Amino acid sequence: MASSTAGSVKWLRGTVKAVPSGDCLLIIGNQQSTNPGLIPPEKTITLSSIIAPRLARRGGLDEPFAWQSREFLRRLCIGKEVTFRVEYSVPSIGREFGSVFLGDKNLARLLVSEGWAKVREQGQKGEVSPHLAELLHLEEKAKQEGLGRWNKDPSAAEGSIRNLPPSAIGDPSNLDAMSLLAENKGRPMQGIVEQVRDGSTIRVYLLPEFQFVQVFVVGVQCPSMGKRSTPEAIIETELNADIPNGEPSIESRAPLTSAQRLTVSSVANEVSPEPFGREAKHFTELRVLNRDVRIVLEGVDKFSNLIGSVFYPKGESAKDLSLELVENGLAKYVEWSANMMEEDAKRRLKAAELLAKKNRLRIWTNYVPPSSNSTAIHDQNFEGTVVEVVSGDCIIVADDSAPFGSPLAERRVNLSSIRSPKMGNPRRDEKPAPYAREAKEFLRTRLIGQKVSVSMEYSRTVNMADGPAASGADSKLMDFGSVFLVTPRKGDTDESAAAQTGPNVGELIVSRGFGTVIRHRDFEERSNHYDALLAAESRANSGKKGIHSAKDPPVMHITDLLTGSSKKARDFLPFLQRNRRMPAVVEYVLSGHRFKLLVPKETCSIAFALSGVRCPGRDEPYSEEAIALMRRKIMQRDVEIEVETVDRTGTFLGSLYESRTNVAITLLEAGLAKLQMSFGSDRIPDAHLLTQAEQLAKKKKLKVWENYVEGEEVSNGSTLENKQKETLKVVVTEILGGGKFYVQTVGDQRIASIQHQLANLSLQDSPVVGTFNPKKGDNVLAQFSADNSWNRAMVVNAPRVVNSPADKFEVFYIDYGNQEVVSYGQLRPLDPSLSSAPGLAQLCSLAFLKVPNLEEDYGQEAAEFLSELTLASAKELRAVIEEKDSSGGKSKGQGTGTVLLVSLEDPDDEISVNAAMLKEGLSRLEKRRRWESKERKAAFDKLEKFQEEARLSRRRMWQYGDIQSDDDEVGPPARKATGNRR
């Protein structure tokens, strides 16, 4: 049923944005000067009472003169201001009909008078143009003169029909993109833009052959437009996939059937456009849609998509669309496709992006410039030494510019745009994929210990779990880059001489058939050397190498003695001892003196420890440095071993040599290990050299010997036991009361590493209630109320069911010792890589003292005084470990495990914190024990004078006299002090 609006709708003004056919225009409202960022409304107007010839549908032909009719109207009014009004509408087909004037010219009259449209007389009441009589007269005149579609020459009608080649949209096989590029690279091609998919993707007719292709604008990427989900949009996409104008004439348009709607509703999934996606598309449409453009092809991707520069006319000059998009903050500079451009054009794009970032235009509205020490991925280059090959497409590089032992000293680099066979996971009983071992071994032999130049290119969050429903905890942010071998220049003998970049490691892997090139989607970030990778893959495929081979992959069975029984390890001992030295490969550094080795000759993996040498344990100072040194020195290197015996756990003991150097000597000389000759030095090769190395480290007071005093050490006997007390440099992070407090060890590399990982977290919005359910004992991320920072925490108390974001959780910050109550909205899931590391806060207690608890008299004062001496000053203190209490226990949920009983010393004060507490009358000495050692008795004697001074001066807890009791060590728990003897 028609709805007439003639006479009731006023005349409107707008600009012709597109001309879908010879009788239809897309008109957009004029830009508002008050809000230039606002997209004006649009209206599609079909000219009343006329019908232009129909353009071709998929698999069909144009009606005669259809293209000429559309071109007449397009050239006449595209981009020009017009006046129009809606005269009637037909809701059943969703179209509006009206009159459009270009200046004082009625477009319908012009089309009919030139013979490019015929008049439609039929129609219900109100469904005709008010100019119908005049249009009929003009049509008759055009017929008499043989104009346009009324041409009386039969060959003219036949010649007006375009011979359209098959469309390449949706079917790349219809286009030989490489041949088209080869014939036209660098040469301008004329075209007409028929569709704008997004701001940096257009669909265009290449003239004069009318090849319909999709072109990606080179060097840039606009925000995505998402996916359309309405039934009409999906059906129209299907029906008009090969109709570039997307607007069939009225006779071919029909409403969706109920079956079509039912089919579409089952598959429709809406993905909203990215921020500024609509603005970028609108920007491009205003400049190139239905316009004559020049396309300069620059390259082709793996999907046969054409990549090129797009130039559109503006006045007397031609504008570069990619540059315009970047300058207006509507597109990002994309390195991989920009590499196809000339250097001058590439530099202009880079400069334009920097200016847009500086001015925070559109997509850069929230841009924050990286600081000078930023670890941002883009454009970050560094040189380093390869210390580990994780797989055929992932390596770990020791950054030469980072301090040894720092969190950034080793960088994991995933090779850009390639994928190698997976190594599997023995813990999940996953075996390596075919050629996975060969790919890893190829890189190991080529890269370990070698200098490389790394160019980081992009980061991507990769889902580590199968299926789209994996949680955020199953995803991981991975950094990708290109790696090049660095080789000295020919003729250079000086070590400091300049070096030159060698082959691309990713290209080497792919060319040997040990990897494939990833098929990236559209403008997904990729390697800057993507074309070279594609060429390498083509060569490997042609040569039937590696994974491209029809042959069965080589099979290698490795006996893993680390997971087997100790009996099985003892059975292998004779085989590992039959040669004095046996070649091996260091697969993993378990600790400074213990390694996982692959013995190729015996096809087995073993646990191997250096005999007579011990490095600090995992939680002891210098443990990480010992591991780091061994990773730099022997990780994945070819070594030789001499096996002496096997212990009861199945670990083989012996000596390990790298480049004919005993690795134990390296550790001892660095002060990162101690000799431990429990079964005598006669069974250890090079025992005299090991002793000399240790003595040298002692003299220099290196690392584990930093507090060594000659004469305080017992000579080597059954063990080399150092009688010196263990000392730590600490900072106090929390005071609990009762003389208990938490500390962090100064210089602990784990602290910097975890803080670095937390700083680089990309935290999402508050989780939806029900998707994340932390329970008591779980490790989570929690937002500390004092400074809103995110820290690792353990849930101490949690509600049974979470009903709202305001529900409360009691958490304990495992790296600091603080405890507080936070809301559900202040919690986030904790990545497994952060969750597995133990808490950094160590619970300590003042040795030899009894300090009142917070609920006892002077307990609050004691806690405040201790806080002033330690926490408020934020000083580095020296903690001398007198004893370790491993009885466990828990104090209001705050910490379990070993408690260190320490004497706390401030380097700027003459007396210790323990002595200051006694002197202030806020603590007292424990009861002496008969079995106490000489060292403990000496410590008591030093502290007793401070207690006596407080007692005589009646300070604090001594104000009412002597509070000591002979049986207070064995009596019932003390009640609150009353001032009398207890």
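Everything quoted here is computed from the prediction, not taken from an experiment. This chain uses plain numbering: 1 for the first residue, then up along the sequence.
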Taken to the nearest 0.5 Å, the spacing of Phe480 CZ from Met456 CE works out to 9.0 Å
d(His520 NE2, Glu525 CD) to nearest 0.5 Å is 9.5 Å
- Item | Main-chain N/O of Val389 paired to Arg444 side chain as donor or acceptor, under 3.5 Å | no
How about CZ on Arg539, more than 12 heavy atoms from neighbouring residues, nucleotides or ligands closer than 6.0 Å, or not?
yes
The reported gap from CZ in Arg411 to CG in Asp399 (rounded to nearest 0.5 angstrom) is 6.0 Å
Taken in chain and number order and not counting sequence neighbours, the residues that satisfy side chain to side chain contact (heavy atoms under 4.5 Å, CB included) with Arg631 are Val387, Glu388, Ile396, Glu410, Val589, Ile627, Met635
Does Arg294 make a cation-pi contact with Phe311 (under 6.0 Å, within 45 degrees of the axis)?
yes
**Prompt:** Does the side chain of Val639 reach to within under 4.5 Å of the side chain of Val585, using non-hydrogen atoms?
**Reply:** no
Note, Val413 side chain near Asp479 side chain (heavy atom, < 4.5 Å): no
Query raised in the report: Are there more than 12 heavy atoms of other residues, nucleotides or ligands under 6.0 Å from atom OH of Tyr588?
Result: no
Just checking, any donor-acceptor pair under 3.5 angstrom between side chains of Glu335 and Tyr458?
-> no
Contacts of Thr516 meeting side chain to side chain contact (heavy atoms under 4.5 Å, CB included) (sequence neighbours excluded), chain-then-number -> Arg419, Glu537, Ile547, His548
Minimal heavy-atom distance between Ser200 and Cys222, with the atoms involved, is OG-N, 3.1 Å
Look at the side chain of Arg362 and the backbone N and O of Ala280, then say whether any donor-acceptor pair between them is shorter than 3.5 Å.
no
For Pro621, the side chain to side chain contact (heavy atoms under 4.5 Å, CB included) test, sequence neighbours excluded, returns Glu726, Leu728
Note to self: Check for me whether Arg512 meets the cation-pi criterion with Phe442, that is, NZ or CZ under 6.0 Å from the six-membered ring centre and within 45 degrees of the ring axis.
What the structure shows: no
Expected output: side-chain Arg632 to main-chain Ala628 donor-acceptor under 3.5 Å | no
Review point. Under the side-chain contact (heavy atoms from CB on, under 4.5 Å) criterion, do Ser527 and Ser482 qualify, and how do the steps go?
Key: CA-CA 7 Å; Ser527 169; Ser482 291; 3.5 Å; yes
ask   = Are the side chain of Thr201 and the backbone of Asp198 linked by a donor-acceptor contact shorter than 3.5 Å?
value = no
Please step through side-chain contact (heavy atoms from CB on, under 4.5 Å) for the pair Thr661 and Val663, ending with a clear verdict. CA-CA 6 Å; Thr661 300; Val663 170; over 6 Å; no
Heavy-atom nearest pair, Ser420 first then Asp393, reads N-OD2, 3.0 Å
Exercise. Step by step, would you call Glu342 with Lys346 a salt bridge (charged side-chain N to carboxylate O under 4.0 Å, His left out)?
Worked result: CA-CA 6 Å; Glu342 294 182 355; Lys346 187 175 173 180; over 6 Å; no
Next on the checklist: Within 45 degrees of the ring normal and closer than 6.0 Å to the centroid, is that where the cationic atom of Arg437 sits relative to Tyr435?
Outcome noted: no
Minimal heavy-atom distance between Gly299 and Met340, with the atoms involved, is CA-SD, 3.7 Å
Evaluation steps, side chain to side chain donor-acceptor pair (under 3.5 Å), between Glu324 and Tyr312 | CA-CA 11 Å; Glu324 292 276 295; Tyr312 67 92; 3.2 Å; yes
Can any side-chain N or O of Asn328 pair as donor or acceptor with the backbone N or O of Leu330 at less than 3.5 Å? no
*Whether over 12 other heavy atoms sit under 6.0 Å from Asn788 CG*: yes
Residue set satisfying ring-ring contact (aromatic ring centres under 6.0 Å, His included) with Phe784, at least two apart, ordered chain then number -> Tyr813
Contact check, side chains of Ser459 and Met478, non-hydrogen atoms, under 4.5 Å: no
Q. Is any side-chain heavy atom of Leu447 less than 4.5 Å from a side-chain heavy atom of Leu485?
A. yes
Close side-chain approach of Thr666 and Lys633, heavy atoms under 4.5 Å = yes
key: Lys729/Glu876 under salt bridge (charged side-chain N to carboxylate O under 4.0 Å, His left out): CA gap, chis, key distance, verdict   = CA-CA 6 Å; Lys729 290 181 181 178; Glu876 290 185 11; 5.5 Å; no
Pair Lys703 + Glu625: basic N to acidic O under 4.0 Å: yes
Practice prompt. For the pair Ser549 (side chain) and Lys545 (backbone), establish whether a donor and an acceptor sit closer than 3.5 Å, ignoring hydrogens and angles.
Written response: no
Can you confirm whether Lys332 is buried at NZ, in the sense that more than 12 heavy atoms of other residues, nucleotides or ligands lie under 6.0 Å from that atom?
no
Across all chains, not counting sequence neighbours, the side-chain hydrogen bond (donor to acceptor under 3.5 Å, both in side chains) partners of Ser416 are Glu457
Does any N or O in the side chain of Gln783 come within less than 3.5 Å of the main-chain N or O of Trp790, such that one atom is a donor and the other an acceptor? no
Within-4.5 Å side-chain heavy-atom neighbours: Arg637 and Val586:
no
Check for a donor-acceptor pair, side chain of Glu274 on one end and backbone N or O of Ser224 on the other, with a separation under 3.5 Å.
yes
What one should report as the nearest heavy-atom pair of Val300 and Asp531 is O-OD1, 4.3 Å
- Are any side-chain N or O atoms of Asn359 and backbone N or O atoms of Leu361, one a donor and one an acceptor, separated by less than 3.5 Å? no
Sequence neighbours excluded, the answer for ring-ring contact (aromatic ring centres under 6.0 Å, His included) partners of Phe484 is His529
- Is it the case that Arg526 places NZ or CZ above or below the six-membered ring of Tyr530, under 6.0 angstrom from the centre and within 45 degrees of the axis? yes
task = Kindly check if the number of other-residue, nucleotide or ligand heavy atoms within 6.0 Å of NZ (Lys185) is above 12?
result = yes
Tightest non-hydrogen contact, residues Leu533 and Ser417, listed as CD1-CB, 4.0 Å
Practice task
Evaluate the side-chain proximity of Val452 to Thr385: yes if any heavy-atom separation is below 4.5 Å, no if none is.
Solution key: no
Inset, instruction - Could you check if a side-chain atom of Val390 sits within less than 4.5 angstrom of a side-chain atom of Arg412, using non-hydrogen atoms only? - result: yes
Distance col, row Glu353:CD vs Leu325:CG, nearest 0.5 angstrom, shows 12.5 Å
- Do Phe216 and Arg197 pass the side-chain contact (heavy atoms from CB on, under 4.5 Å) test, and can you show the C-alpha distance, the side-chain angles, and the key distance before you say yes or no? CA-CA 10 Å; Phe216 292 105; Arg197 199 193 73 173; 4.0 Å; yes
What one should report as the nearest heavy-atom pair of Met189 and Leu297 is SD-CD1, 3.9 Å
Donor on one side chain, acceptor on other, Glu298 and Ser309, under 3.5 Å
yes
request  = May I ask you to decide if Leu758's main-chain N or O and Arg792's side chain share a donor-acceptor pair within less than 3.5 Å?
outcome  = no
Discussion item. Less than 3.5 Å apart, any donor N or O on the side chain of Ser538 or Asn541 sitting next to an acceptor on the other?
Written reply: no
CG (Leu656) and CG (Leu597) are apart, to the nearest 0.5 Å, by 6.0 Å
